[in-house]
Amino acid sequence: LPRCASTGCGRVTDFAALDRSLRETVQDFTLDAGEKLELRELGRQLDAGRIRFLRNRAFDIAREAMLAVPAQTLDVLRWLEQVVKTLDAANEAAPVVSSAYFSPGESCLRRLGDLRLEQAATLSAVGDGPDAASQAKAREAVAAYQELLHDYPDYAARDAALYQLARASELAGEPVAAMAALDELVTHHPHGAHADEAQFRRGEAYFSAQRYADAGQAYGAVLAIGPASSFYEQALYKRGWAQFKRGDNAASSRDFLALLDTLLVQDSQLRDAAQLTRPEQELSDDTLRALSLMFAADEGATSLQAALSQRGPAPYESRLYSALGDLYVEKERFQDGADVYRSFARRQPLDPEAPILLGKATAAYGKAGFTALVLESKQELVELYGPRSAYWAQRGMNIDPRVSAAVQANLLDLARHHHALAQKQGGDADRDAAVRWYREYLDGFDATAEAPATRLLLADLLLEGSRYADAADEYEK
């Protein structure tokens with residue numbers, strides 16, 4: 001180990017050099033007397049921030065080593081314990097360190113508990129869950145925290161010690177003791193730094209035990225702290241589930257919709273999907289799924305609309321209908337799914353997503369093999385959103401490319417369908433319908449690659465119907 005990890009023997013400031021110095025001691029997973037002395041002298045040059053850096057790096061290096069060579073896990077943990085003790089000793093006055101080994105004070109007990117807890121957490125992570133070794137370390141941490149809390153009732157960071165005790169008890173496989181620590185924390189330190197997480201973890205324990213009313217109260221305590229809590233959104237989501245489990249759909253939908261307001265709305269406008277972080281996207285998807293399951297178990301779109309009526313207009317309304325329709329289609333309830341999609345298009349016909357949902361209705365009918373309903377849905381889409389519609393006139397050149405593509409495809413499908421029937425059966429009604437859809441296609445898509453062939457089909461159809469003048473006009477174009 002180098003005597004100084006900087007360009008001279010003054011203050012050490014190079015974090016890369018500190019990291020190199022630490023890694024040199026891990027080669028044989030032990031600190032000999034010389035290495036301990038040099039590490040202690042290095043530690044005496046550092047401020048508290050750099051000591052924390054070295055401690056954190058020691059834990060990182062230990063994790064890497066245990067993952068690389070699992071068989072040497074215990075050797076790595078012994079090395080980690082030696083490093084932490086040496087750094088702690090370097091950061092204290094000698095008499096205090098000496099007495100601490102024989103009569104542990106509150107500071108030493110806290111560090112001992114934290115070290116054992118970190119070791120337990122590392123072992124649990126490496127072993128993909130608690131095992132005998134991790135639980136043994138966790139029980140040592142529990143003992144240190146319990147002694148600290150018993151012997152020093154006025155310990156200034158008592159709430160933090162209780163929080164750590166709860167974590168250690170959980171890792172030790174003692175959920176009752178963990179809950180007791182959390183209960184004491186929220187009772188005696190309701191405004192402490194760990195209160196929100198403690199309440200959330202209480203809620204999770206109650207939820208797992210199917211005590212949904214108690215879970216709802218614990219999650220509510222987190223929500224009372226407000227959006228400043230990092231557990232606010234998760235608490236809102238889980239309280240929604242707790243309400244649902246209790247059969248209170250109205251309260252459940254309020255929580256879920258409030259969460260969507262938080263995630264998807266900014267300045268009364270729907271946030272673009274690209275603005276959402278991955279966790280936000282996943283949580284919003286989970287929330288839409290939860291609402292869909294609740295509405296589907298009740299009265300479907302009717303229940304959805306009732307929830308929205310209570311909340312008021314929502315910028316993400318189309319996503320609610322889309323998610324519910326998707327759930328029905330996933331369950332092969334194609335008719336129900338299509339009805340949900342179409343109900344939104346009829347409710348909000350000028351919404352940008354309305355034609356997209358109507359297209360999804362057509363696809364659902366197609367999956368079910370409902371040919372007549374497929375044609376009906378295609379016709380509804382082109383009548384509401386085609387080149388001769390109010391929607392098209394309102395948007396002009398700003399038509400959504402997805403809508404334009406759907407209208408174009410549906411117009412051609414309708415025209416060709418009726419054209420084929422007219423040729424097969426010779427009916428005037430089918431011939432007139434085909435002419436209508438060909439002409440409407442050319443009204444909106446005359447510049448497309450398919451337009452010349454489409455116009456030729458129209459001219460042929462007119463000629464077959466003895467409409468010679470009209471046929472001649474189309475041939476000339």
Side-chain angles (χ1 to χ4, degrees), residues 325 329 334-350 354-396 399-400 402-477:
V329 171
F334 301 113
Q335 178 80 56
D336 291 332
D339 288 347
V340 170
Y341 297 139
R342 293 179 79 177
S343 67
F344 176 75
R346 291 165 181 169
R347 173 179 165 77
Q348 301 283 2
L350 296 182
I356 306 304
L357 266 65
L358 196 51
K360 294 177 76 169
T362 303
Y365 288 137
K367 290 179 180 178
F370 298 152
T371 304
L373 289 174
V374 168
L375 290 171
E376 179 185 311
S377 183
K378 286 176 181 284
Q379 182 168 333
E380 183 177 10
L381 187 143
V382 299
E383 286 177 341
L384 289 174
Y385 305 108
R388 297 179 182 177
S389 68
Y391 175 92
W392 197 278
Q394 182 186 68
R395 281 161 176 74
I399 296 291
D400 186 326
R402 298 174 299 166
V403 177
S404 177
V407 168
Q408 184 176 355
N410 285 1
L411 281 168
L412 288 177
D413 287 345
L414 289 167
R416 290 165 180 167
H417 170 78
H418 288 288
H419 192 159
L421 289 178
Q423 288 181 324
K424 182 178 181 180
Q425 301 172 0
D428 290 339
D430 283 315
R431 184 176 292 107
D432 290 344
V435 168
R436 172 191 174 185
W437 300 128
Y438 279 138
R439 280 182 167 162
E440 187 162 344
Y441 177 87
L442 293 169
D443 285 346
F445 305 101
D446 194 33
T448 63
E450 293 87 353
T454 301
R455 191 174 297 281
L456 184 60
L457 288 171
L458 171 60
D460 290 344
L461 184 62
L462 291 168
L463 182 62
E464 292 168 9
S466 302
R467 296 169 61 175
Y468 303 117
D470 290 339
D473 288 343
E474 297 300 334
Y475 283 129
E476 288 177 357
K477 292 179 182 178

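Everything numeric here is computed off the predicted structure, so don't read it as measured data.
Across all non-hydrogen atoms, the minimal contact from Val403 to Pro355 is CG2-CG, 3.4 Å. Across all non-hydrogen atoms, the minimal contact from His419 to Leu457 is CE1-O, 3.7 Å. Here the closest non-hydrogen pair linking Gln348 and Ala354 is O-CB, 3.3 Å. Pairing each heavy atom of Val374 with each of Gly366, the nearest pair is CG2-N, 3.4 Å. Here the closest heavy-atom approach between residue Phe334 and residue Ala364 is recorded as CB-O, 3.6 Å. Across Ala471 and Ala459, no two heavy atoms sit closer than the pair CB-O, 3.6 Å.
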Might you work through the side chain to side chain contact (heavy atoms under 4.5 Å, CB included) test for Arg455 and Tyr475, ending with a clear yes or no?
CA-CA 8 Å; Arg455 191 174 297 281; Tyr475 283 129; over 6 Å; no

Run the numbers on Glu376 and Phe370 for side chain to side chain contact (heavy atoms under 4.5 Å, CB included), then give the verdict.
CA-CA 10 Å; Glu376 179 185 311; Phe370 298 152; over 6 Å; no

Salt bridge (charged side-chain N to carboxylate O under 4.0 Å, His left out) between Arg342 and Asp339: does it pass, once the steps are laid out?
CA-CA 5 Å; Arg342 293 179 79 177; Asp339 288 347; 5.4 Å; no

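If you run side chain to side chain contact (heavy atoms under 4.5 Å, CB included) between Leu456 and each of Asp460, Thr454, Leu458, only Asp460 comes through.
You'll find the side chain of Ile399 reaches within 4.5 Å of the side chain of Tyr391, heavy atoms only. Counting heavy atoms from C-beta on, the side chains of Val407 and Ser389 never come closer than 4.5 Å. In this structure, Tyr341 and Leu358 have side chains that are not in contact, with every pair of non-hydrogen atoms separated by 4.5 Å or more.
Note on ring orientation: taking the six-membered ring where Trp is involved, the planes of Trp392 and Phe445 are perpendicular (angle over 60°, cut-offs 30° and 60°).
Taking CG from Leu421 and CZ from Arg416, the interatomic distance works out to 14.5 Å, rounded to the nearest 0.5 Å. Within the model, atoms CG of Leu357 and CZ of Arg347 stand 13.0 Å from one another, a figure rounded to the nearest 0.5 Å. A distance of 11.0 Å separates CG in Asp413 from CG in Leu381, rounded to the nearest 0.5 Å. With rounding to the nearest 0.5 angstrom, the CD atom of Glu450 is 4.0 Å from the OH atom of Tyr441. Taken from CD in Gln379 to CG in Asn410, the straight-line distance is 10.5 Å, to the nearest 0.5 Å. For the atom pair CG (Leu373) and OG1 (Thr362), the distance works out to 10.0 Å, reported to the nearest 0.5 Å.
Comment: Glu474 does not engage Arg467 in a salt bridge, judged by the lack of any side-chain N to carboxylate O separation of less than 4.0 angstrom.
With hydrogens and angles ignored, the 3.5 Å screen pairs a side-chain donor or acceptor of Tyr385 with a backbone N or O of Pro349.
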